[in-house]
> 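The structure follows.
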Amino acid sequence: MYESFYGLSERPFSITPNPRFVYLSQRHRDALAHLLYGVGQGGSGGFVQLTGEVGTGKTTLCRVVLEQVPENTRIALILNPMLSPAELLRAVCHELEISIEGTDGSLQQLQERLNSYLLERHAEGERVVLIIDEAQNMSREGLEQIRLLTNLETATDKLLQIILIGQPELREVLARPELRQLAQRITARYHLDPLNEEETEAYIRHRLQIAGAERCPFTADGLRAVYLTSEGVPRLVNIIADRALMAGYAREEDRIGAGLVRAAAREVAGEEVEKDGGWLRGSIAAFALLAVLASGGALSWLMLQPQAASSEGGNPAWESMLEDASASSAWTEVAALWPGTNAEDVAEACSGESIEGVVCLRLRGNLSFVEEIDLPLVLRLTQPPDAHVLLAGIHRSDVILRHGGQDWRVPRTRLERRWRGDVLVAWPDNGVVLKRGDSGAMVQRMKRLATQSAPEPWTGTIDANYDDAFRDWIAGFQRRHGLNEDGVIGPATRLFLRAPHESAPMLLTENDGA
């Protein structure tokens, strides 16, 4: 959109981690040193802990580390640690390419297989490092399991180095009395703070330079406004700066000043723009409309006008909406998505009852996990307590929540403060379990869906027989998706095979115009 206007070869403020754009402030260099210490010499077998607020650059640093791994080091990276102890061990084995064929999937046999592998690597002079991102989401049982992994050792050396990366809540989790044994094994800790004002300006200029800018389009006041509105959080810096450049292009502003940045920040936060700043939405919307007319593309829902602020408290209206977001209202929204389904059946299924024709799975994951599911689903929030709301759409900086038949745009960062990963997915399903030796049209349908699974699709015959080869493929598919690796197709496996998606409304994206 705005690249040519500002002399850029590409967009400089994408929130997708890109090592080419990495700017290492002094605090980021210190954090990186802690991570490299864990990967290299490694804390004598203890844990290395890196924490930081959402958007401060932890995942980006992790990617930088992965590009600097020594040749004699094997890395297992777990991005979604909301797993049972057995699932966690299977995920570690999968990352390290350890075969678990011939085991019964029990913790004891998985740990024995992992221990044998670690001893082999130690004999070859290699190090093995386990990195767990989003570690604050781990269960107590999962954390206890990784503590037990540090007991794998020879007479002189620990066999596995573990690095925990997470949000500040990780420190609170590890401070619990029942986890004191794990906390005592942390040999290096670092908390990654946001950038200061000087670093924020250097960060912006660095990314613009990498993107080909010959000069910085932000004025001195504009740069300071980016810092003040983002509080130095790199992800927010990217989002606000990108939105400000877009608005500046729409108005043909050669320089981006503080007023434009502040208006862009209010747009990002979902707040009502002041009356004298209302030109921002109008300018962006007008530009977007021209772009649509010129290209025939869909209007990005980045351009949607945010919900107005509540007249009672001055807060965004979506916050008031959440006060009324009960479980019963969420089941009504789910039932509305699926013709022939009623809210009572959905409610009973999601309470654990066996309901004919409807299934409901209780899962845990982050927004990346939700994007992988790619269906409207219910989030159980912690604030307001036990609020339930339907997630209808997701984008890089916003989500769409649906309540009372109305869609509400909410900044992702604001949602993440109210949600700890509890998800309920309900859809029409007969609950049938398919296993090796079964046959029929449903088996054939599963094979057809399996051929569309990336990155390792089913390449065998698409017939009606659930044979050994298909059972083995299903087990591998389950392992890749963190499911129970039993080679049996139940509702959870069908969900990730995208069986419901053939007749389902998908999550709204920026290309859906909503």
Side-chain angles (χ1 to χ4, degrees), residues 19 35-36 38-40 42 45 47-48 59 62-135 138 142 145-146 148-154 157-165 368-369 372 450 453-460 468-487 493 496-497:
L35 293 179
L36 292 174
V39 170
F47 291 87
V48 174
T59 301
C62 187
R63 295 199 178 193
V64 173
V65 167
L66 293 178
E67 291 188 344
Q68 301 182 25
V69 174
E71 291 184 0
N72 65 337
T73 303
R74 305 289 182 97
I75 299 288
L77 174 62
I78 305 298
L79 297 175
N80 176 24
M82 296 181 183
L83 305 169
S84 68
E87 291 169 339
L88 180 62
L89 284 184
R90 282 198 293 270
V92 172
C93 289
H94 175 68
E95 283 288 309
L96 294 172
E97 299 181 349
I98 302 172
S99 172
I100 58 175
E101 292 294 328
T103 69
D104 60 7
S106 66
L107 281 172
Q108 180 180 354
Q109 291 197 12
L110 290 171
Q111 190 152 324
E112 288 175 354
R113 192 65 59 89
L114 177 60
N115 191 37
S116 297
Y117 172 87
L118 294 175
L119 287 170
E120 292 172 3
R121 299 280 67 76
H122 182 268
E124 295 292 330
E126 296 182 343
R127 291 180 49 77
V128 181
V129 181
L130 170 61
I131 301 177
I132 301 179
D133 200 4
E134 302 292 347
M138 295 187 71
Q145 180 59 53
I146 65 167
L148 294 175
L149 292 181
T150 62
N151 292 333
L152 303 178
E153 58 188 359
T154 65
D157 297 302
K158 295 288 186 180
L159 298 177
L160 182 66
Q161 176 65 43
I162 300 175
I163 299 175
L164 300 178
I165 302 175
S368 296
F369 177 71
E372 183 181 358
S453 174
E456 299 179 25
W458 166 251
T459 56
D468 289 343
F470 190 53
R471 185 268 173 202
D472 292 342
W473 185 90
I474 287 293
F477 175 85
Q478 291 168 329
R479 181 173 59 250
R480 291 191 295 275
H481 289 274
L483 302 174
N484 185 24
E485 190 182 337
D486 56 11
T493 302
F496 285 91
L497 278 171

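All values below were derived from every heavy atom in this structure, side-chain atoms included, with hydrogens, water molecules and symmetry-related copies excluded.
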> What's the shortest heavy-atom distance between Trp473 and Trp458, and which atoms?
NE1-N, 3.4 Å
> On a heavy-atom basis, which atom in Ile78 and which in Glu95 lie closest, and how many Å separate them?
CD1-CG, 4.0 Å
> Roughly how far, to the nearest 0.5 Å, is CG of Asn80 from CG of Leu88?
10.5 Å
> Please give me the minimum heavy-atom distance between Gly105 and Ala86, naming the atom from each residue.
O-CB, 4.2 Å
> Find out whether Phe477 and Glu456 are in side-chain contact, i.e. whether some heavy atom of one side chain is under 4.5 Å from a heavy atom of the other.
no
> How many angstroms lie between atom CD of Gln108 and atom OG1 of Thr103, to the nearest 0.5 angstrom?
11.5 Å
> What is the minimum heavy-atom distance between Leu107 and Gln145, and which atoms define it?
CD2-OE1, 3.7 Å
> With heavy-atom distances below 4.5 Å as the criterion, would you say the side chains of Leu35 and Val64 are in contact?
no
> Rounded to the nearest 0.5 Å, how far does CD1 of Ile131 lie from CD1 of Ile75?
4.5 Å
> First locate atom OH of Tyr117, then atom CG of Leu159, and finally report the distance between them rounded to the nearest 0.5 Å.
12.0 Å
> Indicate yes or no for a side-chain donor-acceptor contact from Gln478 to the backbone of Gly487 under 3.5 Å, with no hydrogens or angles considered.
yes
> Would you say that Val65 contacts Ile163 through its side chain, given a criterion of any heavy-atom pair below 4.5 Å between the two side chains?
no
> Measuring from atom CG of Leu96 to atom CG of Leu130, what distance do you get when rounded to the nearest 0.5 angstrom?
8.0 Å
> Mind checking side-chain hydrogen bond (donor to acceptor under 3.5 Å, both in side chains) for Ser453 and listing every partner two or more places apart, or none if nothing turns up?
none
> Do Val92 and Leu110 have side chains that approach each other closer than 4.5 Å (heavy atoms only, starting at C-beta)?
no
> Are side-chain N/O atoms of Glu87 and Ser84 paired as donor and acceptor at under 3.5 Å?
yes
> To check you understand the geometry: which heavy-atom pair defines the closest contact between Met138 and Ile146, and what is its length?
CE-CG2, 4.1 Å
> Indicate the atoms forming the closest heavy-atom contact of Pro85 with Gly142, along with that distance.
CG-N, 4.4 Å
> Looking at SG of Cys62 and CD1 of Ile165, how far apart are the two atoms once the value is rounded to the nearest 0.5 Å?
4.0 Å
> Mind jotting down which residue pairs meet the salt bridge (Lys or Arg N to Asp or Glu O under 4.0 Å) criterion with at least one end in residues 97-124? Sequence neighbours excluded, please.
Arg121-Glu126
